[in-house]
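Every heavy atom of this structure was used, including side-chain atoms; hydrogens, water molecules and symmetry mates were not.
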There are 2 protein chains.
Amino acid sequence: MKSGQKSTIYDIAQKAGASPSAVSAALNDKWKQRRLKQETVDRILQVARDEGYTANLQARGLRKAESGLAGMVLPDHENRFFAELSQQFAREAHARGLCPAIVHAGRDADAQLSSVESLIAYSVDLLMIAGATEPLGLAHTCRKARVPHVFVDHPCAEAPSVVTDNTGGAALLTKTLLDVMEPPSSADPATWLYFLGGEQSLPASAERILGFRQQTKAAKALFDPGQVLACGYESDKAEAALAALYARLGQLPAGLFVNSIGCFEGVLRFLSGLPEGDIVRSTFGCFDHDPFATLSRFPLRMIRQRADLMVGEAFRQLDAGTSEPRLIRVAPELV
Amino acid sequence: MKSGQKSTIYDIAQKAGASPSAVSAALNDKWKQRRLKQETVDRILQVARDEGYTANLQARGLRKAESGLAGMVLPDHENRFFAELSQQFAREAHARGLCPAIVHAGRDADAQLSSVESLIAYSVDLLMIAGATEPLGLAHTCRKARVPHVFVDHPCAEAPSVVTDNTGGAALLTKTLLDVMEPPSSADPATWLYFLGGEQSLPASAERILGFRQQTKAAKALFDPGQVLACGYESDKAEAALAALYARLGQLPAGLFVNSIGCFEGVLRFLSGLPEGDIVRSTFGCFDHDPFATLSRFPLRMIRQRADLMVGEAFRQLDAGTSEPRLIRVAPELV
DNA sequence: AAAGGTTGCTCAATCGATGTAGCAACGGTA
DNA sequence: TACCGTTGCTACATCGATTGAGCAACCTTT
């Protein structure tokens, strides 16, 4: 107080005429087990309050070999879904009395690894990893350090993981779109439903494509491998791919399943150059959600990943203490 | 290694046939000052590498009375602007060799205070506070703990602060909207430009309203206090307020200055229930930015706060070590 | 009065890294 | 031979909180 320095249990002990151990016990509500008099405890707590004492969590962490920190690693925050994940993570961490430490590590595997190592060096009590580029290495590091960990969004084959039910979500969106469209005919590619965006090699995309195929096949609306345009995740690529499709068909396709919000941005850019009439004949869906996408001038079905449920599931895994691999799928919702 | 436990400098010392001090010196590149033989150092480093040693940052932090953590407190992440702030913060923290610890504290003053205290308890090396509800108390706590701190978005009268030039930005947006609209007439409230959202009592809103008033007055388009609808920041409130206005006017107003992206969401919800023709006669502006909003079905001018510049300025304040109050305004851009 | 139990506390080691102070061995100088 | 300087290292206290072990003082019991 006097010098503006933070006070320690030693200061408090002195002012309260007690020992540091007594102070510690009093502050941690362990005074009954340690058989301190109520009176002594009251005295200590009074002094602590007067001094504005707050524990040095590094010292506690060092002693107890834990930190009270909940670590999260994720690629970035510019994505609505990740933003929701981190928000929910912070909420749940708080509810467990942990302080969230969130690190943006980008998409680079090495950067992600160094972020994980750095969090481990702080003795984080748990680690949630979203959008891991190379999950196996990260899981290995976590296990070596005995840190409870869980993967979200991108699963890991060797650790508990929570992911969106991509196949189911894609199937749902596909079915919804087909229900709204005129029945496609094999003769005319312009009447087909196309899948746009993502990469075959990535599990998430692959699963969505699977869901798309299942439903189009069931509805006898799968005619050609060319219905799936896995052009990548960048908006530019999606814009270009759609432009090419438009040129080939001479018009927009009857239906378009857009694989991510980034791609959808590209789609919107392309559409903004078209006359109104061209657009209203088409049906659009997007596997991702953004409240502002409702702004579009045509009806749009969207799949919203349930960040809240996913984080909840992830914490349940951590609470359960399982470190065995396990894949949990959370159904997304149709908006 | 063998037991999977993390190794310490003591383990390394033993395996390398050296003392813990020597190990510490070697690992911290202080061996020249400590006069260790190159050979010894090499031996130590080799062992450290083999063991996969990483320092216990809590122990180091305890000893050095610092943590290598850069703390940030912000209300939430659902807002694009805050998301950008935190992203930029993480980048800059990283560039300084610090690990970002980002806490979502909501808008509640007590929650924010306890977040700040908690971060201080971890001996964060600096603290950036965005959107503080009651900055003075927070600043006081930081000063008492001698933690360098800076406020962003919501300024503090007693500490370095970086804010958007709200007045200037609002004036710019107002002027832009008025330039596009038909000249409003005092006789017909439906021809007016309205301000929607925010709270008079909050500095940011007050400044924006000031900028709005300046420009509408200059353009002789300020007719009535009722032109400013400070209904709060929630989308529901904004939706309700706009609905009420619509009911009163029998139509949409000629111009609408929406105070934040959250409010704009409410506006969009309301508009989605209206026929196309009703909307095209109005001019919209929003003091906030979202990439998707640029693709809306009506033209929309947006003010984009420069999170990147703001965080940069904020770090410059921290680097300079000034703890004296100082208010830095960063001009936003029109999109 | 000796033995045993309870009450109310304190001592001291511990966590892992850091850094000052200092020790031993050697070479050179007077 | 005694003295000093350099080189290469180690010992030990320290940061602040936690916690097992243990010590007085007091009260019962036989």
Original post:
For B:Ile12 and C:dA17, what is the distance between atoms CD1 and C1' respectively, to the nearest whole Å?
Top reply: 12 Å
Subject >> Residues forming a side-chain contact (heavy atoms from CB on, under 4.5 Å) with B:Ile44, sequence neighbours excluded >> reply: B:Ile12, B:Ala16, B:Ala18, B:Ala22, B:Val23, B:Ala26, B:Thr40
Atom pairs and distances, side-chain donor-acceptor, residues 100-112 of chain B, under 3.5 Å, sequence neighbours left out:
{"from": "B:His104", "atom 1": "NE2", "to": "B:His77", "atom 2": "ND1", "distance (Å)": "2.5"}
{"from": "B:Asp108", "atom 1": "OD2", "to": "B:Asp110", "atom 2": "N", "distance (Å)": "3.4"}
{"from": "B:Asp108", "atom 1": "OD2", "to": "B:Ala111", "atom 2": "N", "distance (Å)": "3.1"}
{"from": "B:Gln112", "atom 1": "OE1", "to": "B:Thr133", "atom 2": "N", "distance (Å)": "2.8"}
{"from": "B:Gln112", "atom 1": "NE2", "to": "B:Gly106", "atom 2": "O", "distance (Å)": "2.9"}
{"from": "B:Gln112", "atom 1": "NE2", "to": "B:Gly131", "atom 2": "O", "distance (Å)": "3.3"}
{"from": "B:Gln112", "atom 1": "NE2", "to": "B:Thr133", "atom 2": "OG1", "distance (Å)": "3.4"}

Original post:
Are B:Ser205 and B:Tyr233 close enough that a side-chain donor and a side-chain acceptor fall under 3.5 Å?
Top reply: yes
Subject >> A:Tyr122 OH - C:dA17 C1' separation (whole Å) >> reply: 14 Å
**OP:** Send over the distance from B:Ile44 CD1 to D:dG8 P, rounded to a whole Å.
**Re:** 14 Å
Subject >> Under 4.0 Å protein heavy-atom contacts per nucleotide of nucleotides 14-20 of chain D, with B for base, S for backbone only and - for none >> reply: BBBBBBB
Original post:
Rounding to a whole Å, what distance do you find between B:Gln14:CD and D:dT10:P?
Top reply: 13 Å
**OP:** Please state how far atom CD in A:Gln33 lies from atom C1' in D:dA21, giving the value in whole angstrom units.
**Re:** 16 Å
Original post:
Could you give the NZ-to-P distance, from B:Lys32 to D:dC9, as a whole number of Å?
Top reply: 15 Å
Subject >> d(CZ, B:Arg35; P, C:dG22) in whole Å >> reply: 14 Å
Subject >> Any pair counted as side-chain hydrogen bond (donor to acceptor under 3.5 Å, both in side chains), so long as it reaches residues 119-129 of chain B, sequence neighbours left out >> reply: A:Gln58-B:Ser123
Original post:
To the nearest angstrom, how far is B:Lys37 atom NZ from C:dC26 atom P?
Top reply: 12 Å
Subject >> Qualifying residues under salt bridge (charged side-chain N to carboxylate O under 4.0 Å, His left out), relative to A:Arg316, sequence neighbours excluded >> reply: A:Glu313
Subject >> Any pair counted as side-chain hydrogen bond (donor to acceptor under 3.5 Å, both in side chains), so long as it reaches residues 89-102 of chain A, sequence neighbours left out >> reply: A:Gln88-A:Arg91, A:Glu92-A:Arg96, A:Arg96-A:Asp319
